[in-house]
Student: 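The structure is given below, and queries will be raised subsequently.
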Amino acid sequence: MACDNRAKVYLGYEDEYVTEKHRASLSFQTNKIGGHPNCYGKNTLSSPQCRLCGLYQLLALQLYAPLDNSKYHRTLYIFACINPNCWNQNESWTCLRIQHLEDESKTSASDCVNVPSTTAWLSDADDWGDNVNDNASEQNGNNMLGNDPLQFHFSLRKEIDQDIREELSMLRVDDPNANSPTSVDSPVSGGAVGRLDSPQASAEIDGDESEVVCIDTPTRPQCDLVSLLHEVTPLPLQITNAETKYSFVEIFLSVDEEDRSTDVSQHVRDLLVEYQHSNADVSMKFMPESGNPKSIDTDVEKYEKGIPRHGDEIFHNFVCRIQRNPGQLLRYSRDNAAPLLLYPLSGCIGKCRHCGDEMTFELQVLPTIIPKLTLHPRSERNFQIEFGTVLIYTCVRSCWSATDSHREEHVVVQAERL
């Protein structure tokens, strides 16, 4: 008999939205989605920059995660880049850890909220210099019309008539047969000859517009396929390389332990399959009534582990495990629990970049949180970040020194396979 020594897994669920009435109660101990980092005392935490595009990342999650038998308060701040060209890459996410002694928090009068300074961009976007255009049009109008519009009309008509007379006077006929070729004695070609810049002949078609057939001149395609292949996805909004006033909508998180009561049936099925394999002779019985052997499999339901038709057991396990507790947005477990993977991890996690000790899995952000990560204020486009799952690995010792302002942890992003 196997004993159930599985590590506890805590799940994060969406709670109510953060409003102004909750603002005073926010602190570094608040579990939430979005908003801006809430820090201890008067400390602040600036948004990190994406290593891929340089844009400042937005706070996706703030989690208060103290450790047992530790004298430190401990909060994790998880940031995400909203640039579509950076999605599903490890560098597009950042996890910062902040700790402070419990005695220090008791002496603190209040907790402050760090709201990054807003940047006034597009302030001069609508300044097109209307006065310049007005002066130019007025100047052109004076040059063309003069002081008397009627006088300008007659002078223009006179010039057109004079041009027509000059063009007609240049026409000459050297041969009675206008279609005859050039003669040897005469260097002048036959037929009517006009100036090279004379007006072209035109004709008007009488009749209903429905009977007129319009033929469009074919135009050269304006689409450059090569440039489209190298084109990057545009940002959902215009952001400069300064900290933006945008943030994800702020929502409280509630925490509950994962319910594993549904795992009992699967455990029973596994035991039955194991028993059938070890006692193959029991599967055949002699039935006295008919005198013929009959397979027990025809009378008893087959408790075999189902394999998905697409063959991806890892992804199948990922989906089934989430569906057992609908609504979960994240999974937390630092007790040697394994994360739910979309596919096997490539490479090793490595050591802590600060102390060189081992790293341990602590937190997993699920794709079910994607609809909750909406921008505030809302952008003109329908924006929605994309990723498969985000795994957070932290230092097993949770190393910290009195001179630290924060320490960065290791992030692994897995993209959903199509």
Side-chain angles (χ1 to χ4, degrees), residues 6-40 45 58-68 70 72-80 93 95-99 102 105 110-115 247-263 318-335 337-340 360-376 384-385 387-394 398 409 411:
R6 294 170 296 181
K8 292 184 179 180
V9 178
Y10 297 93
L11 307 180
Y13 296 91
E14 176 189 11
D15 208 327
E16 61 179 321
Y17 284 81
V18 178
T19 60
E20 291 302 322
K21 67 178 182 180
H22 306 114
R23 197 66 57 189
S25 62
L26 295 179
S27 70
F28 64 92
Q29 296 178 323
T30 302
N31 297 321
K32 66 173 186 175
I33 301 172
H36 298 284
N38 302 115
C39 300
Y40 160 73
L45 180 62
L58 304 185
L59 179 67
L61 285 167
Q62 174 181 305
L63 300 174
Y64 179 64
L67 302 180
D68 295 336
S70 175
Y72 286 99
H73 287 286
R74 184 171 176 271
T75 308
L76 300 178
Y77 303 88
I78 304 172
F79 298 84
W93 288 74
C95 177
L96 302 181
R97 169 171 51 90
I98 293 183
Q99 298 182 189
E102 293 183 354
S105 62
S110 62
D111 300 312
C112 67
V113 179
N114 173 35
V115 180
S247 64
F248 291 123
V249 174
E250 209 166 6
I251 308 173
F252 286 112
L253 278 175
S254 61
V255 181
D256 195 7
E257 187 175 345
E258 182 181 24
D259 181 13
R260 295 194 177 185
S261 59
T262 55
D263 293 347
F318 179 90
V319 175
C320 292
R321 190 71 174 270
I322 294 177
Q323 290 177 345
R324 293 173 187 172
N325 295 270
Q328 57 178 298
L329 306 179
L330 60 91
R331 301 172 62 85
Y332 182 92
S333 179
R334 210 172 184 268
D335 301 328
L340 296 180
T360 182
F361 168 74
E362 181 167 355
L363 170 68
Q364 178 173 9
V365 184
L366 301 175
T368 50
I369 201 176
I370 291 178
K372 314 302 177 184
L373 296 177
T374 56
L375 288 179
H376 176 75
Q384 197 171 69
I385 195 172
F387 64 91
T389 185
V390 179
L391 312 177
I392 307 297
Y393 289 83
T394 59
S398 191
E409 301 291 8
V411 180

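Note that these values count all heavy atoms, side chains included, but never hydrogens, waters or copies made by symmetry.
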Student: Please name the pair of heavy atoms, one in Pro339 and one in Tyr393, separated by the smallest distance, quoted to 0.1 Å.
Tutor: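 So the minimum-distance heavy-atom pair works out to CG-OH, 3.8 Å.
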Student: Tell me, with the steps shown, if Thr19 and His22 meet side chain to side chain donor-acceptor pair (under 3.5 Å).
Tutor: CA-CA 5 Å; Thr19 60; His22 306 114; 3.1 Å; yes
Student: When rounded to the nearest 0.5 angstrom, what is the spacing between OG1 in Thr75 and CG in Leu96?
Tutor: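 Going from OG1 on Thr75 over to CG on Leu96, the span is 11.5 Å.
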Student: Could you check if a side-chain atom of Tyr13 sits within less than 4.5 angstrom of a side-chain atom of Asn325, using non-hydrogen atoms only?
Tutor: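 Tyr13 vs Asn325: side chains touch.
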Student: Over all heavy atoms of both residues, which pair between Leu373 and Ala60 is shortest? Give the atoms and the distance, please.
Tutor: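 In this case the closest contact between Leu373 and Ala60 is CD2-O, 4.1 Å.
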Student: Once rounded to the nearest 0.5 Å, what's the spacing between atom CH2 of Trp93 and atom CG of Leu61?
Tutor: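 Going from CH2 on Trp93 over to CG on Leu61, the span is 7.0 Å.
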Student: Would you say the side-chain atoms of Glu14 pair up with the backbone N or O of Leu329, donor to acceptor, closer than 3.5 Å?
Tutor: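 Here the side-chain-to-backbone pair does not exist.
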Student: So how far is it from Ile251 CD1 to Lys32 NZ, rounded to the nearest 0.5 Å?
Tutor: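 Answer for the CD1-NZ pair, Ile251 versus Lys32, is 11.5 Å.
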Student: I need the minimum non-hydrogen distance between Pro37 and Leu59, along with the two atoms involved.
Tutor: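 Nearest heavy atoms, Pro37 then Leu59: N-CD2, 3.6 Å.
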Student: To check you understand the geometry: which heavy-atom pair defines the closest contact between Tyr77 and Cys39, and what is its length?
Tutor: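 Heavy-atom minimum between the residues: OH-CA, 3.9 Å.
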Student: Check whether any side-chain N or O of Asn31 sits under 3.5 Å from a backbone N or O of Tyr64 as a donor-acceptor pair, and report yes or no.
Tutor: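 Between the backbone of Tyr64 and the side chain of Asn31 there is a qualifying donor-acceptor contact (under 3.5 Å).
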Student: Counting only pairs under 3.5 Å, give me each side-chain donor-acceptor contact of residues 361-369, with atom names and distances, residues two or more places apart or in other chains.
Tutor:
residue	atom	partner	partner atom	Å
Glu362	OE1	Arg74	NH2	2.8
Glu362	OE1	Arg334	NE	3.1
Glu362	OE1	Thr394	OG1	2.6
Glu362	OE2	Arg74	NH1	2.7
Glu362	OE2	Arg74	NH2	3.4
Glu362	OE2	Tyr332	OH	2.7
Gln364	OE1	Leu340	N	3.0
Gln364	NE2	Leu340	O	2.6
Gln364	NE2	Thr389	OG1	2.9
Thr368	OG1	Gln328	O	2.6

Student: Looking at residues at least two apart in the chain, or sitting in another chain, which of them share a side-chain hydrogen bond (donor to acceptor under 3.5 Å, both in side chains) with Glu258?
Tutor: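 By the side-chain hydrogen bond (donor to acceptor under 3.5 Å, both in side chains) rule, Glu258 matches Arg260, Arg321, Arg331.
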Student: Determine whether the aromatic ring centres of residues His73 and Phe28 are separated by less than 6.0 angstrom.
Tutor: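 Judged by ring-centre distance (under 6.0 Å), Phe28 and His73 do meet the cut-off.
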Student: Answer whether the closest heavy-atom distance between the side chains of Leu375 and Leu58 falls below 4.5 Å.
Tutor: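 Touching, per the 4.5 Å side-chain cut-off.
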Student: For the CD atom of Gln62 and the CD1 atom of Ile33, what is their distance to the nearest 0.5 Å?
Tutor: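 Answer for the CD-CD1 pair, Gln62 versus Ile33, is 12.0 Å.
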Student: Are Ser333 and Lys8 side-chain neighbours, meaning at least one heavy-atom pair lies under 4.5 Å?
Tutor: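 Heavy-atom side-chain distance check fails, nothing below 4.5 Å.
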Student: I want to check something: taking the side chain as every heavy atom from C-beta on, are Tyr72 and Leu67 in contact at a cut-off of under 4.5 Å?
Tutor: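 The answer is no, as the side chains (C-beta and beyond) never meet within the 4.5 Å cut-off.
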Student: If we only count heavy atoms from C-beta on, is the Val18 to Arg23 side-chain gap below 4.5 Å?
Tutor: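 Val18 reaches Arg23 side chain to side chain.
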Student: Closest approach of Glu257 and Tyr10, non-hydrogen atoms and distance?
Tutor: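 Shortest heavy-atom separation between Glu257 and Tyr10 comes out as CA-CD2, 4.1 Å.
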Student: Can you name the nearest heavy-atom pair linking Val9 to Ala337, along with the distance?
Tutor: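 Reported closest heavy-atom pair: CG2-CB, 4.4 Å.
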